[in-house]
Amino acid sequence: MLNMKDIMETITMIQEEHLDIRTITMGISLLDCCDSDIDKSCEKVYSKIYRLAKDLVKTGETIEKKYGIPIVNKRISVTPIAMLTAASGGDPVKYAKTLDKAAKDVGVNFIGGYSALVHKGFSAGDRELIESIPRALAETDFVCSSVNVGSTKAGINMDAVKMMGEVVNRTAELTKDRQCIGAAKLVVFCNAPEDNPFMAGAFHGVGEPDCVINVGVSGPGVVRAALAKMPKDASLAEIADKIKKTAFKITRMGQLVGSEASQMLGVPFGIIDLSLAPTPAVGDSVAHILEEIGLEQCGTHGTTAALAMLNDAVKKGGVMASSNVGGLSGAFIPVSEDAGMIDAAVAGTLTIEKLEAMTAVCSVGLDMIVLPGDTPSTTISAIIADEAAIGMVNSKTTAVRVIPAIGYKEGEMLDFGGLLGSGPIMKINDKSSDIMINRGGRIPAPMQSLKN
């Protein structure tokens, strides 16, 4: 049973410190929608999504009113569409448009799963889907896409890495009249989790139930406010303990929302993702937590250590509060979505090299980073390869979501609006990685893979 006293203690957090449930995400399996006729398959896809998710938004709004807890996004994730393309053939963009229509008709914010899992190689449908991603994201509004190119068990598929550098650039090019927004809805993973409720990387893994509810909590502002009340001479052990206790309370609220949504919708409760997800709003920043710990500005020396402590304490507190922890569960560092990260990047304190180091100790990776518009595809592929290597060797999830700002140069800004925020175009290394990327093949799995 949940202790309602623990939940009610969060009211101040909600009203004053930007605490919210970032998302409730319904995962839906589309395996029973496979058909050799793509048009029939699309009909089945729409019908199943609408049948299961038609009350998702209403349910979220009911829970918001009942407990006074903001639920910012209601989302859907589906089986990787490459699997359906393998059975049906045809133009995969038909699936993207079907997903987009379903998302609009049920009223959700995003739908994820225009995805392919190619960490060990390409099977039927994978290449077709990957090549279609630029068109799919340009011709839809709510569809998000992801591709898993590596894993600790399999190594890194460098042929897929090369393809994704090209795909990211084409996606940005096709949406350059909309601030290159297509690339902001595309993420490239290593060790992608099957139960991630956060976009753009959410998809419904093949080991998941037919339908499930996953919850993503938030709360950077709450953690920062808690640390601001501590004396400046408090030890780092005391800081970690305060973060842990705060994460416990945040996660209990997520547990309540997930349990309620599961019961009301009649589908199993999957996981709570503990990730601290920032927003561009002042006071809702992971970077500001790190600065509250004692850094003059995020990105300076000590940032990686502070982030490692934050990430560990959040997980320890969350695990004590729920037995349903999954997804990514750590601290997100998306540059354009975090007011403190934006300030640090504009000041030059936070560089892409420092962000790469930080990704070794937190959730995901190089996220919502705006690159100069003339960045070569091979350079983007090399950035993806570096992140995938960190994930592969450390047995953790890493990812890359970068936006080439077509027509813009270093130092200018792109503004996506809403939760996606705005980002400065960051300086990157101008030396070539062409020969390495064009070699192709596969980087073998590391020794860490031999655990059986």
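- Contact of the V215 side chain with the I271 side chain is not registered, since no non-hydrogen atoms from C-beta on lie closer than 4.5 Å.
- When all heavy atoms of L328 and P193 are compared, the pair lying nearest together is CD2-CG, 3.8 Å.
- The salt bridge (Lys or Arg N to Asp or Glu O under 4.0 Å) test applied to D35 returns K44, not counting sequence neighbours.
- Looking at heavy atoms from C-beta onward, P372 lies in side-chain contact with T375 at the 4.5 angstrom threshold.
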Inset, instruction - Verify salt bridge (charged side-chain N to carboxylate O under 4.0 Å, His left out) between K162 and D434, making sure each step is shown before the conclusion. - result: CA-CA 10 Å; K162 179 182 178 182; D434 290 6; over 6 Å; no
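- By the salt bridge (Lys or Arg N to Asp or Glu O under 4.0 Å) test, D430 is found to be paired with no residue, residues two or more places apart in sequence or in another chain being considered.
- Of the possible polar contacts, none joining the T85 side chain to the P92 backbone as a donor-acceptor pair under 3.5 Å is found.
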Using a 3.5 Å cut-off and no angle test, enumerate the donor-acceptor pairs between side-chain atoms of residues 404-426 and protein atoms at least two apart in sequence or in another chain.
| residue | atom | partner | partner atom | Å |
| --- | --- | --- | --- | --- |
| Y408 | OH | Q179 | NE2 | 3.2 |
| E412 | OE1 | K409 | N | 2.7 |
| D415 | OD1 | G417 | N | 3.1 |

Inset, instruction - Let me see the working for C298 and M341 under side chain to side chain contact (heavy atoms under 4.5 Å, CB included), right down to the final yes or no. - result: CA-CA 7 Å; C298 178; M341 298 282 179; 3.8 Å; yes
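- Panel note: side chain T251, backbone A321; no donor-acceptor pair is recorded below 3.5 Å.
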Anything under 3.5 Å between a donor and an acceptor, one on a side chain of residues 181-191, the other on a protein residue two or more places apart or in another chain? List them.
| residue | atom | partner | partner atom | Å |
| --- | --- | --- | --- | --- |
| K185 | NZ | T140 | O | 3.4 |
| K185 | NZ | D141 | O | 3.3 |
| N191 | OD1 | T152 | N | 3.0 |
| N191 | ND2 | T152 | OG1 | 3.1 |
| N191 | ND2 | G391 | O | 3.1 |
| N191 | ND2 | K396 | O | 2.9 |

Legend entry - CA sep, side-chain torsions, deciding dist, call: S322, Q255, side-chain hydrogen bond (donor to acceptor under 3.5 Å, both in side chains): CA-CA 7 Å; S322 173; Q255 178 84 13; 2.6 Å; yes
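- At distances below 3.5 Å, not a single donor-acceptor pair connects side-chain atoms of E194 with backbone N or O atoms of H204.
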Inset, instruction - Decide side chain to side chain contact (heavy atoms under 4.5 Å, CB included) for V257 and V217; before the verdict, give the C-alpha distance in whole Å, the side-chain angles of both, and the deciding distance to 0.1 Å. - result: CA-CA 10 Å; V257 169; V217 298; over 6 Å; no
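- Identified under the ring pair (Phe, Tyr, Trp, His ring centres under 6.0 Å) test for residues 68-115, with sequence neighbours left out: none.
- Residues forming a salt bridge (Lys or Arg N to Asp or Glu O under 4.0 Å) with R75 (at least two apart in sequence, or on another chain): none.
- A donor-acceptor contact shorter than 3.5 Å is absent between the side chain of N214 and the backbone of T25.
- Inter-residue side-chain proximity for R22 and D273 is flagged as unmet; no heavy-atom pair is nearer than 4.5 Å.
- Every residue meeting the side chain to side chain donor-acceptor pair (under 3.5 Å) condition with K97, not counting sequence neighbours, appears here in chain and number order: E139.
- Residues P446 and M392 meet the side-chain proximity criterion, which asks for heavy atoms closer than 4.5 Å.
- Applying the side chain to side chain contact (heavy atoms under 4.5 Å, CB included) rule to T351 yields the partners E353, K354; only residues at least two apart in sequence or on another chain are considered.
- Under the 4.0 Å criterion applied to side-chain N and carboxylate O atoms, K48 and D32 are assigned as salt-bridge partners.
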Return all side-chain donor-acceptor pairs below 3.5 angstrom for residues 50-62, not counting sequence neighbours, or 'none' if the list is empty.
| residue | atom | partner | partner atom | Å |
| --- | --- | --- | --- | --- |
| K54 | NZ | R51 | O | 3.3 |
| T59 | OG1 | D55 | O | 2.7 |
| T62 | OG1 | K58 | O | 2.9 |

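- Judged purely by distance below 3.5 Å, without hydrogens or angles, the side chains of H119 and N148 pair a donor atom with an acceptor atom.
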Inset, instruction - Under the side chain to side chain contact (heavy atoms under 4.5 Å, CB included) rule, what do V267 and V212 come out as? Steps first, then yes or no, please. - result: CA-CA 6 Å; V267 299; V212 69; over 6 Å; no
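- A salt bridge is defined here as a Lys NZ or Arg NE, NH1 or NH2 lying under 4.0 Å from an Asp or Glu carboxylate O, and K40 with E43 fails to meet this definition.
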Inset, instruction - Would you please test E208 and S29 for side-chain hydrogen bond (donor to acceptor under 3.5 Å, both in side chains) and show each step? - result: CA-CA 8 Å; E208 294 289 297; S29 172; over 6 Å; no
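- Contacts classified as ring pair (Phe, Tyr, Trp, His ring centres under 6.0 Å) and involving residues 318-338 (residues at least two apart or in different chains) are given here: F198-F332.
- The environment of I435 atom CD1 is sparse: at most 12 non-hydrogen atoms of other residues, nucleotides or ligands sit within 6.0 angstrom.
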Inset, instruction - Decide salt bridge (charged side-chain N to carboxylate O under 4.0 Å, His left out) for E64 and K74; before the verdict, give the C-alpha distance in whole Å, the side-chain angles of both, and the deciding distance to 0.1 Å. - result: CA-CA 12 Å; E64 286 181 282; K74 294 83 177 176; 3.1 Å; yes
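- No more than 12 heavy atoms of other residues, nucleotides or ligands shown are found within 6.0 angstrom of NZ on K316.
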Inset, instruction - Might you work through the salt bridge (charged side-chain N to carboxylate O under 4.0 Å, His left out) test for R135 and D91, ending with a clear yes or no? - result: CA-CA 11 Å; R135 282 180 50 225; D91 182 3; 3.0 Å; yes
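- Counting only heavy atoms from C-beta outward, the side chains of V361 and N311 never approach each other to under 4.5 Å.
- When side chains are defined from C-beta on, I403 does not count as touching V168, because their heavy atoms never get closer than 4.5 Å.
- Q448 contributes a side-chain N or O that, together with a main-chain N or O of V393, makes up a donor-acceptor pair within less than 3.5 Å.
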Legend entry - Worked verdict on E387 versus I390 for side chain to side chain contact (heavy atoms under 4.5 Å, CB included): CA-CA 5 Å; E387 273 301 298; I390 290 173; 3.7 Å; yes
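- Nearest heavy-atom pair, I21 versus G254, reported as atom, atom and distance to 0.1 Å: CD1-CA, 3.8 Å.
- In this structure, the separation between CG on L366 and CD on E356 is 6.0 Å, given to the nearest 0.5 Å.
- Judged by distance alone, the side chain of S41 and the main-chain N or O of D37 form no donor-acceptor pair under 3.5 Å.
- Residues forming a salt bridge (Lys or Arg N to Asp or Glu O under 4.0 Å) with E260 (at least two apart in sequence, or on another chain): K66.
- In this structure, M164 and V167 have side chains that are in contact, with non-hydrogen atoms separated by less than 4.5 Å.
- For the pair A160 and V149, the tightest heavy-atom approach, listed with the atom from each and the gap, is CB-CG1, 3.9 Å.
- Under 3.5 Å, the side chains of D338 and S285 contain a donor-acceptor pair of N or O atoms.
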Legend entry - From CA spacing to verdict: side-chain hydrogen bond (donor to acceptor under 3.5 Å, both in side chains), S115, S146: CA-CA 5 Å; S115 306; S146 59; 2.8 Å; yes
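- Judged by distance alone, with hydrogens and angles left aside, the side-chain atoms of D159 form no donor-acceptor pair with the main-chain N or O of G440 at under 3.5 Å.
- Applying the side chain to side chain contact (heavy atoms under 4.5 Å, CB included) rule to F142 yields the partners D100, A103, K104; only residues at least two apart in sequence or on another chain are considered.
- Put simply, the side chain of V72 does not reach to within 4.5 Å of the side chain of T23, judged on heavy atoms.
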